Each structure stands twice: as C-alpha cells, then as structure tokens.
Amino acid sequence: MSDRRNFIQKAALLAGAFAVGNYKLNAQNILLEKPRDDESFWKNVRDQFPLNPEKIYLNNGTLGASPYSVIHAVQQHMMEVDVNASHGTLDKQVIKALAGFLNTNETEISLTHNVTEGINIVCWGLPLKAGDEVKITNHEHAGNASPWLNRWKISGIKLIVVSLGNTAEETLTNISKAITPKTKLINVPHIPCTTGQVLPVKDICTLARTRNIWSFLDGAHPTGMIQLNLEEIGCDFYAGCCHKWLLGTKGTGFLYVAADSRKWVQPIFAGAGVDTGWNLKSTPIIYKGYSDNGHRYYFGTQNESLYQGIIKAIDFQQEIGRSLIEKRVKYLANYLQQNLLSMGSKIQMLTPKESISKAAIISFKIADKDISKLQNQCSQNNIITRFVPENDINCLRISTHIYNSISEVDSFLTEVDKFLKT
Ligand SMILES: Cc1ncc(COP(=O)(O)O)c(C=O)c1O
C-alpha cells in the first residue's frame, strides 16, 4: 500500500510538471486487493505517459512506451553531460539496479544495446565446433535465429529445431526427446514473439543442467511483464532488453552470464573495461586477463543518459509494484483471450489456455481469412497490432501493458467482430 501511495504522490508531482493527469489519492482504492476493478488507478498510470490519446497501442511486444519520468531523466542527464561534461558515473548504478530487479548478482550482468547483441556474445563466445548440436525452436524471432544461423553457416554446428507443445508439459517432453549425446546447448525463448506462450524455463534449465548441457534463454519479453527471477530459473545465460516491457530507453539491454558459466564464454570483441590491465611497453607485452564480472563483454564509450532511463524505468515499475503490474497485464490479456474464444469456432487461438503458459501476449488466427487484413483494418481505426509472419505462423499478436484499458481491448474486439462479418 505504501509503495502505491509513493507512486501516486510522485506521479502527481510529475503530472503537474508535464501538465497531464489530475489524480487524487482515494483512500478507498484498495488496489492490491482489487486491482481489476480500479480503472481510475490505471487511468492515472496511463496519464504518466505521453501516449497519443487518439491511438490504441496494443503492440507492446515490439516496443514499450516510456513514462515521462524516464524521458525527463534522460533529457536532464543529456544536459548534464553537455553542460558539465559529466560522464562515467552510471555504469555501476545501472548494473546494481538491473541485478536487483532480476534477482541476480551484479557481477553477472553485462550491458548491451538489445537482445540480439546478448545472443551474439554467447553464440560466438561458446567453444562450439562442427557437429555440436544446438537446440532452438520453431518459434524464433530473427534476433535469436539469425546469430545461430550465422554460426551454423560459418562453424558447421548443427542446428536442431524443436517444436513447442501446446502445454508446458508437452514442450518439456519435446525438448527432452530431442537431446542427444551431441547436444551442447538448449536455447529457447522464455516467451516467444509469436504466441506469447510462457515456456517452462525452470524445468528446461534443470533438465539441461542434469544432462551437462548449457541453457540459454532469449528473454526479450519477460523483463517488466512478469516477475523475472534469474536465480530461481537457474539458466546459464539470459539475454534481455529494457526497451519493451520494462518501458525503458530504446536501444538498451542486458546479458546475464552465470558466474560459474563465465569461463565458457570467450569475449570475442575487446576494449576498455574488458580486461584487468595491459602494457604494450613491457617485454614481453602484457595482457593481464579478463574482468572478473560482466564487464568482460562490453566496452568503450556508452550513452549513459540511456542508463539513466533504465534506472528510472526500474524505479517506476517498483513504485507501482511488480506483482500488481504482472496481475494487470495478465488480466487484460486474459480478458481479451476469453472474449475472442467466445466469438465462435472460426477463432483459432494460438496462445495456450493453461494459466502457467500465458501472460500478456495473445495471438490468434481466423479460419478462412487473411488476418493481415484485420491488422490493416485496425490500423485504419488507430489500433496498433502486430502481424506475425515469423516461421510462417501468420497470426495477429496483441500485447497489453499497464497503460491499456478494458475499453481499449473492447475497441479491438469490436474490430474483430466487424472483420468476422465481412
Ligand atoms: C523473442 C524475441 N527475441 C529477440 C528479439 C530481438 O530483440 P532486440 O531488437 O532487442 O534485439 C525480439 C524482438 O522483438 C523478440 O521478440
């Protein structure tokens, strides 16, 4: 309750600064107990974003909008850099904030610019040789498929594509059956970009560990959507970003490499920060070794103003409450899924119905119809959705964040209804 009060007080201050929103704390709103009914609280949350009121944004799986607090902090920091030449102070702070948010150690986090960069660091750093098997899935985004295809092309590793099941159990069974003595790595999306299915990652990583196989998760979506806990999952590697569900600055991400797995990932690119010392004047020349933390994988001048944005995005989510955010985004998505399912047998639901396998992304197709036309129709009505051509799945993906409302989901459902009748 006190978290929520802090958030509302700070939100009110910010709203004043930007002349948006006019929310008054209502002591009757017991939000933690009744999150679903308290639309006024979520309206206040929405007012913390500069989102175009004419648009309904339901493509949060591609990019999340940043709140004013993030944008403002980045702007201020940029001024500070240019006015006072302030630089080099935020690296440790942002790592600390991320490690706390992800429940892991600061030494295990590297800063990246996006998920794909993190995937490439591990993909090229692991000592894989021709014939070694890497398992990926039939639901990959280009950001995960492309690095592995490239390594397959250059190094001759074997890429084995495993089909996801409709349930957590089925998926686990499929992965387990695909393991052979040559399997070196299991690399799956935690939440695929296609259907939003939440994979049983803890079980997958345990399975990998017991079989002496590395586990690597493409974590483009979970950070800021669900309460991600890396220690609990127990993977070797996890690549995530801050520009989707975390609502942070664009072009920011992180790579987690578990401390006991760091020895396996060779830094391929090197620069300032990667090593513990060097001397070109001595004979022989000295290169002392790699930093004993995640800094061994990134280097050189960074845009620290964007780091400021990550820190503020984490603050923003923590002020609202992570469990509340997860409940809200799932509630909106579940409302959408249930209503779609009630629209008749033409709706082909691709997102699983079991609760452990779904979160805030719902994808579906419509029998005998080209669903990309529904996306065009929505776009003409200012509703932003995502057509998913990946892996020839060709479905429509809707992703709901905290600034969305039930009435926005209803507007989308009205478009589906009209489309079904055409
Ligand atoms: C599942 C998945 N993996 C990887 C990516 C690539 O992310 P980035 O653009 O941050 O590299 C995306 C982007 O949408 C994604 O959905």
Side-chain angles (χ1 to χ4, degrees), residues 57-66 98 102 109-124 134-151 159 161-162 164 171 185-199 201 204 215-226 228 233 235 237-256 297-298 302-303 306-307 309-310 313 329 333 350-351 357-363 384-391 393-401:
Y57 186 62
L58 294 172
N59 185 16
N60 296 288
T62 293
L63 269 188
S66 291
L98 274 168
L102 302 167
I109 297 291
S110 308
L111 298 173
T112 62
H113 301 96
N114 50 45
V115 179
T116 313
E117 188 179 335
I119 289 168
N120 270 288
I121 291 169
V122 175
C123 172
W124 285 102
V134 169
K135 310 284 179 218
I136 55 172
T137 74
N138 59 341
H139 280 258
E140 301 302 341
H141 182 275
N144 199 40
S146 178
W148 290 111
L149 284 163
N150 196 26
R151 179 119 207 217
L159 269 189
V161 180
V162 181
L164 297 183
T171 297
L185 174 74
I186 297 174
N187 173 215
V188 299
H190 187 166
I191 298 181
C193 67
T194 49
T195 63
Q197 175 171 9
V198 182
L199 267 56
V201 287
I204 293 170
S215 56
F216 186 12
L217 302 176
D218 166 355
H221 294 283
T223 312
M225 181 208 284
I226 58 175
L228 184 58
I233 292 173
C235 55
F237 320 113
Y238 194 102
C241 68
C242 310
H243 44 220
K244 294 185 190 287
W245 299 85
L246 186 61
L247 311 174
T249 25
K250 315 307 176 257
T252 58
F254 65 89
L255 171 68
Y256 162 83
Y297 303 118
Y298 68 103
Q302 300 287 333
N303 185 342
L306 301 185
Y307 291 176
I310 301 175
V329 297
L350 301 191
T351 306
S357 296
K358 61 182 179 178
I361 295 177
I362 301 297
S363 297
I384 317 300
T385 58
R386 159 74 143 86
F387 174 64
V388 179
E390 277 90 346
N391 310 291
I393 292 172
N394 298 328
C395 62
L396 197 68
R397 184 185 82 183
I398 306 299
S399 38
T400 48
H401 216 318

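Just follow the structure's listing: the first ligand is 1, and inside any ligand the first atom is 1. One-based numbering along the sequence shown. If you're wondering where the values come from, they're calculated on a predicted model, not measured in any experiment.
Residue His243 touches ligand 1 through its side chain alone, judged by heavy-atom distances below 4.0 Å. Contacts with ligand 1 closer than 4.0 Å are made by side-chain heavy atoms of Ala220 only, the backbone lying farther away. Neither the backbone nor the side chain of Glu140 has any atom closer than 4.0 Å to an atom of ligand 1 (non-hydrogen atoms only).
Nearest approach of Glu140 to Ala145, heavy atoms of both residues: CB-CB, 4.0 Å. The two residues Cys123 and Arg151 come nearest to each other via the heavy atoms O-NH1, 2.8 Å.
Considering only non-hydrogen protein atoms, atom 13 (C) of ligand 1 sits nearest to Lys244 NZ, 3.0 Å. Protein heavy atom nearest atom 5 (C) of ligand 1, with residue, atom name and distance: His141 ND1, 3.3 Å. Scanning all protein heavy atoms for the shortest distance to atom 1 (C) of ligand 1 gives Asp218 OD2, 3.4 Å. His221 NE2, 2.8 Å is the protein heavy atom nearest to atom 16 (O) of ligand 1.
In terms of polar-atom proximity, defined here as any N/O pair under 3.5 Å, Pro189 makes no such contact with ligand 1.
A donor-acceptor pair shorter than 3.5 Å cannot be found between the side chains of His243 and Thr252. Side-chain polar atoms of Thr195 and Lys358 form no donor-acceptor pair below 3.5 angstrom. Using modelled atom types and a 3.5 Å distance limit, the side chains of Trp245 and His221 yield a donor-acceptor pair.
Close approach of ligand 1 to Cys193 (heavy-atom distance below 4.0 Å) involves ligand atoms 1 (C), 16 (O).
With a 4.5 Å cut-off on side-chain heavy atoms, Phe237 and Ile119 do not count as touching.
Among Leu217, Thr194, Thr116, the residue whose heavy atom lies nearest to atom 11 (O) of ligand 1 is Thr116.
In this structure, Phe254 and Tyr238 have parallel ring planes: the angle between them is below the 30° cut-off, well short of the 60° mark.
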